[in-house]
Amino acid sequence: MEYNFSEIEKKWQQHWTKNGSYKVSNDTGKPKFYVLDMFPYPSGAGLHVGHPLGYIASDIYARYKRLKGFNVLHPMGYDAFGLPAEQYAIDHGIHPAVSTGDNIKNFRRQLDNIGFCFDWDRQVLTSEPSYYKWTQWIFLQLFKSWYDRKQNKAMPIEELVRLFETEGNKAHPSPGDPRLRFTAEEWAAFDRRRKEDILMNYRLAYCGYGEVNWCEALGTVLANDEVINGVSERGGHPVIKKKLRQWYLRITDYADRLLQGLETVDFSDAMKEMQTNWIGKSFGAEITFEVRTPGVPGQTTLAPADSTRIGAGSRGKSDAGTAGAGEAGEGTAAPHALTVYTTRPDTIFGVDFMVVAPEHELIEKIVSPEQRQAVEEYITYVKSRSERERMAEKKITGCFTGAYAINPFSGLQIPIWISEYVLAGYGTGAIMAVPCGDERDFKFAQHFGIPITNIIGDFYNGKEANPTKEAKLQNSDFLDGIVMRDAIVIVINKLEKRGIGVRKVNYRMRDAAFSRQRYWGEPFPIVWGGDEQSEVPERGRAQLGHGSIAIPLDEKELPLELPHVEKYGPGPEGEGPLANVASWTARHLETNTMPGYAGSSWYFLRYMDPHNEEVFCSRQASDYWGQVDLYIGGTEHAVGHLLYSRMWTKFLFDRGFIGHDEPYKRLVNQGMIQGSSRFVYRLELKDSTTPPIFLSYGIRAIEGTPEFHELVTLAVRNIAGDPALELGTISLSQLHVDVNIVDGVELDTAAFKKWRAEYANAEFILEEGKYICGVEVEKMSKRLYNTVNPDDLVNKYGADTFRMYEMFLGPVEQSKPWDTKGIEGVHRFLRKCWRLFFDENKGKVWTTEKATEAELKTIYKTIKKAEEDTERFSFNTGVSALMIGVNELTELKCHKKEVLEKLIIILTPYAPHVCEELWQLIGNEGSVLDAPYPKVEEKYLVESAKNYPIAINGKTRTEMNIALDATQQQVEELVLADDVVKKWLEGNAPKKIIYVKNKMINVVV
RNA sequence: ACCUGGGUGGCGGAAUUGGUAGACGCGCUGGACUUAAAAUCCAGUUUCCCGCAACGGAAGUACGGGUUCAACUCCCGUCCCGGGUACCA
């Protein structure tokens, strides 16, 4: 009876489906455990061997926890909305719903092949109306909420309206427009439109104008984390900045809590670091400088209207930076004022110039007549430069405005410059430049010949800036002699006392752009209009919102279903495809759709209660399942999905819809499986009549040498049948070849000829009779022909082997190139394991005899190690422990049920199919998954003696078997009597003998 | 540039708290079984030196220093590779 894995696996997969073996109940007496995978985007390419790595790890852990007596939730679903399906629809004319459905079928088939214990009854599909109904519902709650900074939590917007009615907004300044101030009376006097505009500045999901990342090729806006190096993450198309009306999530209000929350969760330090950097919290001060422009008389104070002006909608965070400009703190009546943000107010006496962003609104007001033309030219130049150019070549550019700021402490005049190195979107869009302490300021000063003031003495060498905080200040008036670190607080206090500066915290993170001009996403449950006083523009849909009010759909109308379209092109004014749907625009529905991360921001909650039609997830279900205990996925979602879903969780917690405010208790990042590409080397000949000729790797390696030329010439003459053929210069091109037709590095030349029609008559120049390919590790991608499909491996070796091999490859967290060559070893292991029960010739060999001490010792040792390793996600060593166990039992010729039964249980998380089969074959009822995990009986593991390594001066020289309870003195006597030790002592007495019980013995000579 | 993870045999990797470096597997070499092959089993396999062999010796975890009875592990400096961020004041 042999190990027929394909039959066994088919049998048990059917059995599991038929019996609902993995159905999970919300109602058991067992403790809960929630194991979650990042659900996949069902792409057309299907799974390659890299995808299941995390799923296998979580599956093993889920099964292990079930054996340990937990009620384990281990669900799976699909993140089905998104750009690629729409792009595919544009290219092939297939509706996204159709292609997505096909892809899901393929994914499901591939997943089922591997034998996961997912509860498919709980599957979620983000593009299903029954799911996105609740995505829309949560969006509405965000829309109807604001963030109360006093209580530090989200509150219903009605509360805010009540506050405005009684006390205006003095206690709650607008996060969208900090200068906005009004009293209760003023509020009462505003018309409906004005009130809605103001409320929009508070809502957690809001609509506003902002500079966004616009990708022309994709025809949509992208979030910051979807833009890599100035090009789109998907497709690598150029991205420019564009002002557009957009929906945003006010994630910046949660910045602090997102940071604090990191302390309560078990993520890797690297992951925490990434999120912390992305949020980018910094402490410092805003300082206001008076501005003088020589030759500009009668500079006026700020128009009071400026402080109550309300923009259309709110501003996107990216232009919020200019908010502070022009306002000089309270009570200052400077002609013009420039506010900067700095983390180093201690360097105030080292300020040699100021720099404002080219987009800064103060520029036109302060520029001197002489400099006006130069400034305008510079601004034109900056506008002409795309984001990409700015990143590619970091030139030092800038222009003097002709205006000066007055240092509030020294009274000195400081020239104000404009430069593109200062970003409008961060801080106040203006900085005070301290060249002796900041590298960028230093380079700028050097480039434009601006004199540099040294305030840090010897710490500054005149050749480069030194950002130290440890120097004692010099040339700094009242700060002289004070260490910079301490001077920061002193300066801030002084600034605040004088009313020209405030302590200020800044974040790098911006509010998240939450709309896309696309079709395949959740429609916004928002209607524009409803304002009796201002008519809705006739066809200006791109401008919708400008002259109208965003009205949320009644929750009873959800889901607002995505209408069917035939064309996916943009609308008449650059809006999304929904603008072409007559019934849609007739209702004045929002034409944008939600971005890809909307559905994935809360899916882990839906799994808990997937069929509930009353709520997104009942409080009872979310209280029972609580946090995800183990979340496994890739690092690529570090700053996108992970931050958004953490924010949504906090929001739902604030509003009382769930009882926990961090979604994931523990996060494990699986590494990437890289592809191992193979190359062939094609000879490029002018004479195109010869068949394609390929050189083996070793021959290519000597390219350029005379031998190479001779060899190739000879071979080509032979192939062409022309002994006089002259080749001229020989050149080679390197081509990717499908890894699946290469065995190790040796090309299957017959398969290669079949691979491409053009290679059907290919000729090869071999080395030692073989064609050897070049090798390189690259990202696994279809384009590079280095993808390996799990289906083929599962067919050849079985799912159990495949699962174990993926784990055996190395630590889950580590990235590693895929290599199939070791899979035989794992397969051999499973067969060896099978032979403990059944022999190919003899049949049944397992018995019910009583186990020996040695056998029990082996099995308990194995259980202990496998358990420890599984517990700490060290699955590769877990597999190794099981191998050692089986090797030892084989050596002991142990075929006893008493022992083997335990082996089956601890092996089943790794190799579920074969274990179910064996469990049944040795006469057990039911599933091995319902068996209890065996307890380690320590008494079999206790040793009375140990083989101690004996080291001389730390270098191991011999071994001695010594009783574990030996005393120092006994050990010394035994050791000194040993021949090897005597040899090393050469008759001398040892200086010292170190005896670490149960570890080692070291003799110091 | 900054932050971050890493660098161990021919290969993937192990060494969990400073305590026998190279577990386990692949590959390779030799052998057994077989007419033969597959499968299986046994032995060997870090490098170098001596030797028929046993035994023995030296070096060895990217590189250079240090702490320690003892360092892959801790500290300082250098190099290389992967990931993240990228003018964030």
NA contact type, [X], heavy-atom cut-off 4.0 Å: base, sugar-phosphate, or nothing?
{"X": "A:Asn876", "value": "sugar-phosphate"}
{"X": "A:Lys991", "value": "nothing"}
{"X": "A:Gln814", "value": "sugar-phosphate"}
{"X": "A:Lys865", "value": "base"}
{"X": "A:Val1004", "value": "sugar-phosphate"}

Is it the case that A:Thr339 and A:Glu286 place a side-chain donor and acceptor less than 3.5 Å from each other?
no
Compare the minimum distances between each of [options] and the side chain of [X], then state the nucleotide with the smallest one.
{"X": "A:Tyr341", "options": "B:U20, B:A89, B:C26", "answer": "B:A89"}
{"X": "A:Val422", "options": "B:C69, B:C41, B:A89", "answer": "B:A89"}
{"X": "A:Arg835", "options": "B:C87, B:C41, B:A70", "answer": "B:C41"}

Of A:Pro949 and A:Pro817, the one whose nearest nucleotide on RNA chain B sits closer to the 5' end is A:Pro817
Residue mapping more 5' on RNA chain B - nearest nucleotide basis, A:Ser880 or A:Ala270
A:Ala270
Students often mix this up, so state it plainly: with edges at 30° and 60°, are the rings of A:Phe444 and A:Phe448 parallel, tilted or perpendicular?
tilted
Can you see if the side chain of A:Ser282 gets near the phosphate of B:A89 - specifically, an N or O under 4.0 Å from OP1 or OP2?
yes
Is it true that atom CG of A:Asp269 has more than 12 heavy atoms of other residues, nucleotides or ligands lying nearer than 6.0 Å?
no
C1' gap between B:U17 and B:G66, integer Å:
23 Å
Nearest heavy-atom neighbours spanning A:Thr342 and A:Ile287
CG2-CD1, 3.8 Å
